[in-house]
Amino acid sequence: MPEKPALEGLETKWGQSWEEQGTYLFDRQNATRENIFSVDTPPPTASGSLHIGHVFSYTHMDLVTRYQRMRGKTIFYPMGWDDNGLPTERRVQNYYGVRVDPTLPYDPAFVPPLEGGDNASSKAADQLPISRRNFIELCERLTVEDEKQFEDVWRTLGLSVDWTQSYRTIGDEAQTAAQRAFLRNLARGEAYQADAPTLWDITFRTAVAQAELEDKEMPAAYHRLAFRTVPADDGSSTDIHIETTRPELLPACVALVAHPDDERYQHLFGTMVTTPLFGVEVPVVAHHLAQKEKGSGIAMICTFGDVTDVIWWRELDLPNRTIIGSDGRIVADAPDVIVTEQATAAYAQLAGKTVFSAKKTVVELLQASGEMIGDPKPISHSVKFFEKGDKPLEIISTRQWYIRNGARDVALREKLIADGREINFTPDHMRTRYENWVGGLTGDWLISRQRFFGVPIPVWYELDAEGNKGTPIVPSEDSLPVDPASETAPGYDESQRGVPGGFAGEVDIMDTWATSSLTPQIAGGWERDPELFDLVFPYSLRSQGQDIIRTWLFSTVLRSELEHGTVPWKNAGISGFIVDPDRKKMSKSKGNVVTPAAMLETHGSDAVRYWAASSRLGTDAAFDPQNPKQIKIGRRLAIKVLNAAKFVYSFPTAEVDAAGRTAPLDIDLLAELNRVVATATKAFDEFDHAKALEAAEQFFWTFCDDYLELVKERAYGAGTPEGQASATATLRHAIDVLLRLFAPFIPFATEEVWSWTHDGSIHTSEWPVVSAAAEPTGLLPLVSEALISIRRAKTDAKASQKTEVVSATISGPAQLQLAIDDLQAVGRIATVEFVEADAVSVTHIVLAEQVEVQ
RNA sequence: GGGCGAUUGGCGCAGCUGGUAGCGCGCUUCGUUCACACCGAAGAGGUCAUGGGUUCAAGUCCCGUAUCGCCCA
């Protein structure tokens, strides 16, 4: 036992010990379906940086896991890294100063131009074009390094993860699982390929899914354009004015639309009008989504200006005249309806231009032709962005892969809702977010991405005599993982690649979520280790932040439903997020982010864990880096635990069983503690770690401030040997219980203290059990009340608490007499007179200095 | 515009199935080194956002309003 115990260095000391002892290893030999507690952990984005919100949420899942371990459960607690996907590509581009050019050949001797660059604004022009394979190798190299750093932070934080169970979403096993699941989706008709209007990020040149959208308020302007009705028999025609924020899409106009009830346009429905500038005849149609009060109440439908255009196009069966290419520029070939000399000339001026400059040109042309009325009218409206992009999304027509998600399938949607109700959400209202998301889906899940670092979509295509792609060719499951871009399609020769009559490999990869939606399968050895999978799946717990309910939680439920027809987990614990002192979400751009590593270093892991633990699931936590109050309180608690335990363990004690604990106060203390154990146990069973902590903590301070002081003298041997034995045995029993109640929260301090008097780790010791017999008698609170009176008298007299008291009268219920000796000892009262009364009071206190206080 | 959540002493939070408010920090005063100065003791401080309703009784249940936050349009 150290002379002066301290928190410093405990993380390293015990981190090493746990690693050497294998304290947190999955004990497969003894695992059964009944005694297992399996945790599905979110793989953090390896290329990102860990922030305080991660610490918060990962601590939450560790708390309940540690509790379950002590309850005797066999713990399956793996950790993964999400390293595939766009964030990694971006980081690699900046770090090494490179970018992919898929046409370049692989260079085995390649050395990147930069190492450790962090130039966030690095332009494509400054980046060295390299082959896809070289790029992927750099991705691999950097993520491995990043993951090492992440693991260090998690180990320091004290996550009780079995590090032999870790996985990477770009790893072979993850790729195999993702491709296998995809192939099965394909075989069952749940995955399909379709030509469709697709949300497209022009910066990254990739399709984007609904779950990755973000609305942003952007300035725009209404441009009032004049369409002209097709001349009647008498040659008369009138102008129809529409307002649009996207005049550059005029060549892609396919119709005008107004609300069916709008009297102003009734007479026009079914007639034709001609577009300004391009002279294309388009119909006037009616649809309920047209807003009467917006602009002039009649709008132009283009392919495609926004998602409403897509709906109109689909529901009204309109032609497709897409003019924006995958690079965000106006395509060279005009839609075939643009035929007049004037029209083709106008279009020629737009071709190749960005949306921004095309808009400018169209406006100039319209102003010149007199078909634009007045000046543009500035407005602000919300525009869809890719969450990681900084240019508005365009909608272009492309061929993409989708997985059915219930958006167009009522039966599946209802099944997914039912799955959500089968999962026990904590807090319960987080289920609503899931249901809202499922109910609000507008299309199937787009999973193909036109990127490089990810799991390849495992198909090839037959090429017909003209070289057009035909039926997909799929690999057998035992050949996975495959890369169709470099491996030959089964049944073909590599020389047939790209040749008419031969085959073509799919070059698209899957969205990251298409892999991470399978974390239960990846970590659990699905189809790789069926015995293991059968043990761990469905998992006991999914723990995650509320921000990824629509992505990770939803997609995991979906994949599990499609593949296994069951929910992936029994419980879902959802953590809130971190807000700064002004109640604003913490974010990098605000510069109010503190790195977890620095925080752990400064305050100690137990202190930081305490902070996270004191917030319930689902509740946002305030955090002020300048004044981290909760962390300081946690640190204080951990230090107090060290000291209190040291004190208690310093008393020699023979092994005294319950029979030796004879003093009524001691028995009552343990009865009160018994109740605390019951509270904490129930709270943990309900995933309410904050309540468990509060119960233990509250009792612990009473234990230290009152009970410990009351029995100190007796423990030193001031009374009878029986009294002493009872006190020391009770102290030791109580601290043993308290330490275990605290173990999930402050694993380092409790392990340190435990090691002084116990063999084995506290974290694999048994969670305290509630004994049925003990019921508190109320003695302890009575004694505490009397103690406060005595202390108050001394405080009021400005005297030390150690001041001797010549005499005092203690009044109270008869029961109080049972502990009168302890009271007398702690108060240092020479002579006590006891008077039976309803209420507790201490009177006629005569202090040794002859100061009398009422 | 729709949904969800929050609103309790200066600050951060508890208050379960309704019975006249608790904790921690901070603050004030005092004490102290034989477990702990990253200490101890005592104390001050709240008409529980607001307007109605149910009830013998409402932070606690119901309806409305306001403010804040998040999600989705």
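Of the P atoms belonging to rA49(B) and rG12(B), the separation is 15 Å, rounded to the nearest Å. Across rC38(B) and rU20(B), the matching C1' atoms stand 40 Å from one another, rounded to whole Å. rG46(B) and rG10(B) have their C1' atoms separated by 12 Å, with the value rounded to a whole Å. Rounded to whole Å, the C1' atom of rG64(B) lies 37 Å from the corresponding atom of rC25(B). Separating the P atom of rC27(B) from that of rA14(B) is a span of 24 Å, rounded to the nearest Å. Comparing rG51(B) with rU7(B), their C1' atoms sit 16 Å apart, to the nearest whole Å. Separation of the C1' atoms belonging to rU17(B) and rA58(B) is 14 Å when rounded to the nearest angstrom. The same atom, C1', is picked in rU28(B) and in rG19(B); the two are 34 Å apart, to the nearest Å.
Note: Phe742(A) and Phe699(A) fail the aromatic proximity criterion, with ring centroids not under 6.0 Å apart. Ring centroid separation for the pair Phe577(A) and Phe56(A) does not come in under the 6.0 Å cut-off. A centroid separation of less than 6.0 Å is found between the aromatic rings of His60(A) and His689(A).
For RNA chain B, the residues of residues 603-617 of chain A within the heavy-atom distance limit of 4.0 Å (strictly under) are Arg616(A), sorted by number.
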Report, one pair per line, the protein and nucleotides 21-23 of chain B atoms (nitrogen or oxygen only) whose separation is under 3.5 Å.
none

Legend entry - Criterion side-chain hydrogen bond (donor to acceptor under 3.5 Å, both in side chains) on Gln801(A) and Arg791(A), from CA distance to verdict: CA-CA 7 Å; Gln801(A) 291 299 326; Arg791(A) 284 167 170 165; 4.7 Å; no
Take Tyr434(A) and Arg421(A), measure what side-chain contact (heavy atoms from CB on, under 4.5 Å) needs, and give me the verdict at the end.
CA-CA 10 Å; Tyr434(A) 168 82; Arg421(A) 295 190 178 151; over 6 Å; no
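Between Ile574(A) and Thr426(A) the shortest side-chain heavy-atom distance does not fall below 4.5 Å. Here the side chains of Val257(A) and Trp312(A) are in contact, with some heavy-atom distance below 4.5 Å.
When all heavy atoms of Leu693(A) and Ala613(A) are compared, the closest pair comes out as CD2-CB, 3.9 Å.
A salt bridge links Glu709(A) with Lys712(A): at least one charged nitrogen is closer than 4.0 Å to a carboxylate oxygen.
No hydrogens or angles were tested; on distance alone, a donor-acceptor pair under 3.5 Å links the side chain of Arg635(A) to the base of rC38(B).
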